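Structure first, commentary second.
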Amino acid sequence: MSSADRVRVRGLTIHRPIIYGNTARLLNSEEKKIAPQDHTHKWTVAVRSASSAPDSDIVGSADDINYFIKRITFKLHDTYPNPTRSVEKHPFEVTETGWGEFEVQIRITFVPEAGEKNLTLYHHIKLHPWTVTPSVGESVDNPPTNTFDEPVHSWQYDEVVFHDPYQNFLNILTQNPPTPLSKARSRPVPFHLSNPGSLDASKGGVPEFTTLMEKEEYDRLEEAKKAIMAEQARWREILVEKEKELELLQKQASQ
């Protein structure tokens with residue numbers, strides 16, 4: 001490696017889109033026979049490229065990201081045997097069974113050419129869908145099985161940003177451009193629903209990250225902002241009225 005390769009390209013920023021999270025489903029009858037007695041779900045926690053391969057039932061993972069990631073270490077709950085799991089080859093994922101939700105520490109080690117410090121992320125393993133509202137007599141501990149049978153997806157989009165990269169690492173990145181996100185969703189299910197299959201099983205339940213997400217997220221934030229502003233205005237009017245009432249009562253009390 002020449003000294004020129006170890007020179008940083010100042011003023012340049014380059015990023016790589018990734019997703020991290022998990023998918024989970026109930027154990028089938030055969031899996032229950034070999035899993036620990038109290039385990040109810042099979043789940044996979046992973047770090048992947050953000051784009052999905054065409055017609056794939058896997059969220060993300062269109063690209064092999066080994067060219068900039070050397071190793072990913074997943075720190076599971078201490079009740080698991082060998083809870084610290086290091087994965088050095090694509091796909092960067094760990095599959096286990098369990099019964100409870102917990103936080104996983106995800107430590108990303110970049111290739112030596114990057115000259116970057118480790119990046120640590122955190123993800124809460126999701127087994128149960130957010131979208132279910134149990135009926136009377138039902139709970140998360142006693143879920144409606146016809147709703148919980150579908151896979152649960154919990155994924156976070158992020159971008160790994162490299163500022164002033166070394167020239168040789170920049171060469172590696174530019175030689176491996178990421179697959180662009182789809183401009184529009186080719187799958188019918190929004191990525192942010194954790195149990196999308198239950199909405200329409202005939203359409204499938206695998207979410208997809210797209211550039212349309214940015215607009216959708218902006219629209220959701222705008223609606224939330226409008227709702228907050230309207231609520232603030234309502235409470236401001238109430239406060240003004242209460243202050244007028246207080247002022248009147250104070251005048252009456254001083255007479």
Side-chain angles (χ1 to χ4, degrees), residues 14-26 28 31 41-74 85-96 104 106-111 114 119 121 123 125-127 129 131 149-162 169-217:
I14 189 167
H15 73 277
R16 285 295 178 266
I18 62 169
I19 59 171
Y20 60 95
N22 80 278
T23 183
R25 61 172 175 78
L26 289 169
N28 59 40
E31 292 167 335
H41 288 74
K42 184 175 184 178
W43 51 262
T44 297
V45 61
V47 177
R48 300 169 176 168
S49 64
S51 296
S52 300
D55 302 319
S56 172
D57 61 355
I58 298 175
V59 184
S61 204
D63 303 323
D64 182 339
I65 54 179
N66 248 138
Y67 67 91
F68 73 94
I69 293 178
K70 177 184 179 182
R71 178 175 57 255
I72 296 183
T73 303
F74 300 89
R85 313 283 179 89
S86 291
V87 184
E88 297 196 358
K89 294 293 183 183
H90 174 87
F92 293 107
E93 61 185 39
V94 169
T95 298
E96 268 290 358
V104 175
I106 303 170
R107 187 173 70 252
I108 299 176
T109 302
F110 298 104
V111 296
L119 173 64
L121 306 170
H123 173 71
I125 294 291
K126 195 73 179 171
L127 302 183
T131 54
D149 282 345
E150 296 294 336
V152 169
H153 294 284
S154 176
W155 297 95
Q156 174 69 45
Y157 175 90
D158 205 345
E159 293 180 350
V160 181
V161 181
F162 301 103
F169 184 53
L170 176 61
N171 294 341
I172 293 172
L173 293 176
T174 54
Q175 290 167 10
N176 294 273
T179 300
L181 294 175
S182 299
K183 291 184 178 180
R185 199 163 46 236
S186 59
R187 299 169 185 173
V189 184
F191 81 96
H192 54 278
L193 297 179
S194 69
N195 190 33
S198 64
L199 301 180
D200 190 340
S202 66
K203 294 180 180 179
V206 181
E208 181 181 21
F209 287 78
T210 70
T211 55
L212 183 61
M213 288 164 40
E214 186 174 359
K215 181 179 183 306
E216 291 175 338
E217 185 67 13

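Source: prediction; values computed, not measured. If you read the sequence from its start, that first residue is 1, and numbering goes on from there.
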Report task. Hey, could you give me the CZ/NZ distance between Arg71 and Lys89, rounded to the nearest 0.5 Å? Result -> 12.0 Å
Query raised in the report: For Asn176, does its backbone N or O pair with a side-chain atom of Tyr67 as donor and acceptor, under 3.5 Å?
Result: yes
Query raised in the report: Has the side chain of Thr44 got a donor or acceptor atom that lies under 3.5 Å from a matching backbone atom of Thr23?
Result: no
Report task. Looking only at non-hydrogen atoms, find the nearest pair between Ala62 and Ala53 and report the distance. Result -> CB-N, 3.7 Å
Requested in this report: State, yes or no, whether a side-chain contact exists between Tyr157 and Leu181 at a heavy-atom distance under 4.5 Å.
Outcome: yes
**Report entry** Closest heavy-atom pair and its distance - Lys126, Ser154
**Finding:** CB-CB, 3.6 Å
Query raised in the report: Which atom pair, heavy atoms only, marks the closest approach of Val45 to Asn22?
Result: CA-CB, 4.0 Å
Query - Within-4.5 Å side-chain heavy-atom neighbours: Asp158 and Leu121 - result: yes
Query raised in the report: Is Val152 close to Leu127 at the side-chain level, that is, under 4.5 Å between some pair of heavy atoms?
Result: no
Report summary line: Shortest non-hydrogen pair, Tyr20 vs His123, comes out as CD1-CB, 4.2 Å
Report task. Compare all side-chain heavy atoms of Ser61 with those of His90 and state whether any distance is below 4.5 angstrom. Result -> yes
Query raised in the report: Ser51 side chain to Pro180 main-chain N or O, any donor-acceptor pair under 3.5 Å?
Result: yes
Query - Straight-line distance of Thr73 OG1 to Arg85 CZ, nearest 0.5 Å - result: 12.0 Å
Query raised in the report: Less than 4.5 Å apart, any side-chain heavy atom of Phe162 and any of Leu170?
Result: no
Query raised in the report: Are Glu96 and Trp43 close enough that some pair of their side-chain heavy atoms sits under 4.5 Å apart?
Result: yes
Query raised in the report: Is there side-chain contact between Ile65 and Arg16, with at least one heavy-atom pair below 4.5 Å?
Result: no
Query raised in the report: Is Glu31 reaching over with its side chain to a backbone N or O of Asn28, donor-acceptor style, under 3.5 angstrom?
Result: yes
Report task. Look at the side chain of Arg48 and the backbone N and O of Glu93, then say whether any donor-acceptor pair between them is shorter than 3.5 Å. Result -> no
Query raised in the report: Taking the inter-plane angle between the rings of Phe68 and Phe110 on a 0 to 90° scale, is it parallel (under 30°), tilted (30 to 60°) or perpendicular (over 60°)?
Result: parallel
Requested in this report: Look only at the side chain of Asn66 and the backbone of Ile69, and say whether a donor-acceptor pair between them is shorter than 3.5 Å.
Outcome: yes
